[in-house]
Amino acid sequence: MIGRCALGCGVALGTVLFLGASSALAAGGSPEAVTVDSGATAWMLTSTALVLLMVPGLAMFYGGLVRSKNVIGTMMHSFTAMGIMGVLWVTISYAMCFGDGVLGGWFGWNPDYVLLRGIDDTIMPDFHIPEYVFAMFQGKFAIITPALIAGAFAERVRFRSYCIFIAVWGLLVYNPLCHWVWAADGFLFKMGAIDFAGGTVVHISSGISGLVAALYLGARRGYPASAMHPNNLVMTLMGAGLLWVGWFGFNAGSSVQSGLATAQALTATQAAAAAGALMWILLEGWHQGKATALGFASGILAGLVAVTPAAGVVRPGGAMALGAIAACVCYGAILLKNRLGYDDSLDAFGVHGVGGTVGAILLVFFMRDGFSTHQFVVQLQAAGVAMAYAAVLTLVIVIVVDKVFGLRASAEAEMAGLDHVYHGERGYGLLNAN
Amino acid sequence: MIGRCALGCGVALGTVLFLGASSALAAGGSPEAVTVDSGATAWMLTSTALVLLMVPGLAMFYGGLVRSKNVIGTMMHSFTAMGIMGVLWVTISYAMCFGDGVLGGWFGWNPDYVLLRGIDDTIMPDFHIPEYVFAMFQGKFAIITPALIAGAFAERVRFRSYCIFIAVWGLLVYNPLCHWVWAADGFLFKMGAIDFAGGTVVHISSGISGLVAALYLGARRGYPASAMHPNNLVMTLMGAGLLWVGWFGFNAGSSVQSGLATAQALTATQAAAAAGALMWILLEGWHQGKATALGFASGILAGLVAVTPAAGVVRPGGAMALGAIAACVCYGAILLKNRLGYDDSLDAFGVHGVGGTVGAILLVFFMRDGFSTHQFVVQLQAAGVAMAYAAVLTLVIVIVVDKVFGLRASAEAEMAGLDHVYHGERGYGLLNAN
Amino acid sequence: MIGRCALGCGVALGTVLFLGASSALAAGGSPEAVTVDSGATAWMLTSTALVLLMVPGLAMFYGGLVRSKNVIGTMMHSFTAMGIMGVLWVTISYAMCFGDGVLGGWFGWNPDYVLLRGIDDTIMPDFHIPEYVFAMFQGKFAIITPALIAGAFAERVRFRSYCIFIAVWGLLVYNPLCHWVWAADGFLFKMGAIDFAGGTVVHISSGISGLVAALYLGARRGYPASAMHPNNLVMTLMGAGLLWVGWFGFNAGSSVQSGLATAQALTATQAAAAAGALMWILLEGWHQGKATALGFASGILAGLVAVTPAAGVVRPGGAMALGAIAACVCYGAILLKNRLGYDDSLDAFGVHGVGGTVGAILLVFFMRDGFSTHQFVVQLQAAGVAMAYAAVLTLVIVIVVDKVFGLRASAEAEMAGLDHVYHGERGYGLLNAN
Amino acid sequence: MKLITAIIRENVLDRVREKLLAAEIYRITVTRVSGRGQQMSEEIYRGQRVVPGLNPKMRLDIACNDEFVEPCVNAILEGARTDGGRVGDGKILITPLEDIIRIRTGERGGKAI
Amino acid sequence: MKLITAIIRENVLDRVREKLLAAEIYRITVTRVSGRGQQMSEEIYRGQRVVPGLNPKMRLDIACNDEFVEPCVNAILEGARTDGGRVGDGKILITPLEDIIRIRTGERGGKAI
Amino acid sequence: MKLITAIIRENVLDRVREKLLAAEIYRITVTRVSGRGQQMSEEIYRGQRVVPGLNPKMRLDIACNDEFVEPCVNAILEGARTDGGRVGDGKILITPLEDIIRIRTGERGGKAI
Ligand SMILES: Nc1ncnc2c1ncn2[C@@H]1O[C@H](COP(=O)(O)OP(=O)(O)O)[C@@H](O)[C@H]1O
Ligand SMILES: Nc1ncnc2c1ncn2[C@@H]1O[C@H](COP(=O)(O)OP(=O)(O)O)[C@@H](O)[C@H]1O
Ligand SMILES: Nc1ncnc2c1ncn2[C@@H]1O[C@H](COP(=O)(O)OP(=O)(O)O)[C@@H](O)[C@H]1O
């Protein structure tokens, strides 16, 4: 029923099944009794917590980069995703992602999954973990993806409209994509597209959606004439640290086990992040003569994003190569953005869209099993489909939300700052004598 | 011997025992040999780390809400709990909580548990984890509970007296309550009270104790006439993020296994937090026209607090309902506090006391096994007992500590700020040219 | 092949092997098939994430203590270690640490380990975890050790030279020491030196290296005449919190299993940290009349450092004693430093060097198996060897790097601040109207 | 020579600076301050509307020669007045300046500005 | 018109503002500053008592008409003096003010205060 | 009596204070400000060199008796000038001071400084 990580899990899955079988036999139980693998469950629970940790991590990363007057508003973009997508996921999104395909496979549906009612005591026979854990782990991806988009149009959206936007986007963009790529009857899954932990579903989709929304909304007032300085690079660094840590859950958890495949994914993740970060500051040193902290953090992200689809199929050397290449391409993409002059505020497209695409396509050259032209074509197709679908749907949603509720912040709100206007708060009371 | 979570763990515990038995038999070992379930151990170790993470999380949450001059002092309230309760727990508190009842069951005692000497190589036969892990996991609860209280009287207590207060409170209030609710011979446990992860022991007890102490100490100078602004809402948000993540350990770890019951608890936790947070900002939007970050964070907490006693017995839908109801009731309670005019500085009672009570009592309406009037009465009794005991004892302790050492900060210290007066430090050197 | 933790793991390792054997037999498989213990793997994956969390934790701890103009530069000292050591570890350092001894056992080498190529599907027969997990866990230690050194010469090194320094130091100091202590054919390992989680390899080596580098570089401009205030003690506290949490991975993960030895290590870690922190503020209260937050945080670190070599062999009572003693000795060492007047900026030697030595030597008095003069001598020898080797090699490296690239920041850069000069950034944009 | 000190809203800083540049006044010093006048700017704290005792403001200090005083004041008025003037827009103070010295060169008086 | 600038302790700000309100002086601008006078305020850093070069202070700026100068000074003195006067209590500076302009209306002089 | 206000680079604060102490000027108030003059101080943001609109500066305020004005100005000039004078070194402003009051004692005028 669930196809996630079918490619990366061969060996270790076998081990688990074998172990499961042996215990079952040894105990003389009926073959149908599905036992819980407490170790795999432990790691999946941990991974769920780690991926959740990425959300405050992202809030800190993004929050540090905007101007002081928008820090609360920007962090709330991440936080509210925990609330909105959190509630939607339990209510209907899990059913839409992992139910059986309906409407020609546009998305899934399984009435039993509404409010997760039908899985209250299900142990997944393939993974030997309670299905709840799988559902919660997956739910975290549905939370972080719209939060990533927010970076593209930071500092200039209405809070209420943003909330509506991500809810609709989650239902109409994320859920179908997730179904196509990770459900066993998803068409990209059946095509054999490799997306270990969400290169297409999470990064390409959020990056391209951010780009579309940013282009539609137009630049922030004063961009690019006046420089917009990060209010708190220190917090951005902290956030980058939490993102790296959390990504171990993101990628290694996507093996849905606690075994060899998990270890391979974790190793690839670590190697790519380190290589991406190092490459970025080397580039900066060569190009600008200085290595910046934001550059290091961006390199971490570029590396992690690129290895996300690939973590299950590349060796550490390949992961390092992917990370380093992604750092270079993202660096270039951001320079290009500066040339073109559109305002992707925090480079959601420049890092996630570009890095995700690099990873999804170039992974074919570093696969443990060797290059395959067929796979290359499949990857191109999958990335293309995701891009096209996300771009078109996002445009429609953005236009509708804008017409109905007004998506762009008013000029006055933008000048006064989102924190005061939409939240009635200020981030740093400490600055003010009171 | 240990009764924790007896209600929530039926199914999965069975699985574990069954597995344990089968391995033992298969290996032809003696039936007494207790094997370690490395998976359950892994999750309990992780949970221990996650619950510890809540303490800095709480320090950040609370620290961000006070005025700049008290930020260090407020964070130290959480941190010193790690030191003081940490040492006490190992020394005698574990013996007092999980030893056999003495003095008519007032608290427990087991001389073997002093300094944890007697459990150096004990594997718990019920849970198949080393008893050390259980002891450490439980110890984290004893750390965070007094730290929660500190929110009620933030910005106006002497540091040294606070330290003495929490030490005594831990011994005389927390340890007995913990014994009553979670030890197998505890009277509330035997009554069948459901408290999965500490609604009564942690939240009701800390909330009501905070209220009593806050009333006794009186309001901060200038409250409520002059507005006291959060010095760092950004940090409060970070703290809320860490609390959410850590709470997975708090609740899911309370299953003392890594199986179905764990997954159920984690799912309930996630659902309640998301629903609570969302409900709070919806309320605010309706009531004030703006959704605040502090409101979102408060809603997260309200949801998490309410689901704490219930995580083992409710389905995701019920958990969402509990979270949403708790958000409404806590919101109202804080409005009421503003009317009544007492100074529960950071709403320790308003969130933990109220939310914990809502959870402990209303869980009966959302139980997996259906409503039971008997259980409802039991829950009311347990909550009532915990409230009465904690309130009376806290009052006594507060009065004694105040008479002997002086609990309230001097007027001058309050004006100058606790950071400078009690710690000789300031939180944000960056504000000062130097 | 790998000797890590041979002393601490007796009991639980037995259990694991026994379990492994029984499953293998029950399944009728060939005896060579090495099964994965999914529980141990889960905990080791988690530990890897926790130790990585220590790096941002350290960045926050150190970053908060320097002056605002150096906050980014100081945090980058920790972060770049993630990039540089991260890449080196995968490339050749694992081969140098855990390969078979070459050049008379100076360091190890195993060409198969280059780029970790040879362990792509290895399951370790002793530990029943994928070797990748072990390699990644170990790699985190190689990252944090040079980052610790940076505290000794914070606020006065050139960024580029620092990067070169840690790369060379990692290869020439860390890798050999790691090989000697933890590889099965390492000479200190064979001597029977106890170093559970890195007292010698991590703390003594980084502390003494920091001291040597600090002495060579000389004091910061203006030290000690003008007071250099922490820019953000609040962040230092957050960092201390993350370090405590991460240390559970550091120590309990060093058992390379998920069983009794793990639980013992975690308990010792918790007990020592709490006792160290409490002792430090008691000392301060007695000596200065005030208990500081930085003191509490320093006590946490002293306790954790001291218990690091000992976590596998001491009971909780002994761990508390070690933590408390370490707090006293470190406190004294810092007072002495102030007398002597050298500038160990953030007390890398005062806490890690001194605390690590206290732990490595005094652990003999608190061992579960009782005191042994032989062991005492061995510990003295091991600590002495590590100190001498690290001191001499560090001096050589520091001199060479200084001559070739210039290690000390220029006077102007030191005055202007490392953030601006080497990174072109400032940490707190929020301070500046813009 | 005069010292012109203006207390303005935080968020009009950019606009004021543009107007000043248009009036050929390039040099300026800006300080974060908090002020209290007639303005009431509400914030929300846990369901309660609170009025902070002090609102964040920006303080501009501009040293200029006498002939630049009027252009400078006008530029600030143009940039800092919101919606035709609302409570909280701030004040401009003019104080006499006896001397001004450029640190770089040691030049004094009008030409040092 | 005068500009009254007071450098006071951080923690007497509230008290000073109360006294000012009692003297019917409502408008004020406050800045976080750091100062050095005779006061030595010790902090503790890892077992060592250190005296920071500069202590945090608050700076008040109040523009007022001449008749309000004495009431204003007295209010500040009352609010800012601690325990009958201790080192570190601060200073009040009085500078002449040539003009004042209300940005909202463009009014000038005494009535703009 | 005069009020001497200097806008200097952040990083020369220590040196200026040393010079002032040498000139027997002990009392001072320091404020973090941001300024714009001719100086261009580049920062790097994701591969792009950006010039911030305002650079961080320090503002010193020193109230002193007339005879101390020149020593004070000279001390600041010595301490704040970098490499024989570079753009961005800042300005010194001198304004008349009508009165000064020591809050601790209520003393007024020259002796209160
Ligand atoms: N007399 C004054 N002295 C000092 N600062 C003042 C004075 N009057 C106004 N301010 C500053 O100007 C800001 C705006 O003043 P406000 O009274 O709201 O404007 P208006 O006078 O147009 O109603 C205040 O917050 C305060 O910082
Ligand atoms: N002459 C001065 N110039 C500028 N600021 C001053 C002057 N004298 C005092 N201050 C400010 O007032 C604060 C308190 O001064 P202090 O010398 O401690 O008070 P007192 O003069 O009553 O002993 C100082 O920290 C400083 O900010
Ligand atoms: N006329 C002025 N009014 C207010 N502030 C000024 C003025 N001139 C210079 N400043 C302050 O001095 C700082 C340094 O000025 P800058 O023009 O770089 O020095 P220089 O005049 O030596 O080239 C500026 O950032 C600004 O804060």
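Keep in mind that the numbers below use all heavy atoms, side chains included, and drop hydrogens, waters and symmetry copies. Quick note on labels: first sequence line is chain A, next is B, and so on, each numbered from 1. Keep in mind that this is a model prediction, so the values were computed, not measured.
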| note | Within residues 87-108 of chain D, contacts to chain F at heavy-atom distances under 4.5 Å involve D/P96, D/L97, D/E98, D/D99, D/I100, D/I101, D/R102, D/I103, D/R104, D/T105, D/G106, D/R108
| query | Got a second to check how far F/R59's CZ is from D/T29's OG1, nearest 0.5 Å? | reply | 8.0 Å
| request: Name the region of D/L60, side chain, backbone, both or neither, that has any atom closer than 4.5 Å to a heavy atom of chain F. | output: neither
| Is it the side chain or the backbone of D/A63 that comes within 4.5 Å of chain F heavy atoms, both, or neither? | side chain
| field | Contact listing (chain F partner; residues 64-82 of chain D; heavy atom under 4.5 Å) | value | none
| field | Residue part contacting chain F, namely of D/I28, when any heavy atom lies under 4.5 Å | value | both
| query | If you count heavy-atom pairs under 4.5 Å between each of F/G85, F/G35, F/A6, F/G84 and chain D, which one has the most? | reply | F/G85
| message | Quick check for you: to the nearest 0.5 Å, what is the distance between F/R36 atom CZ and D/I62 atom CD1? | response | 14.0 Å
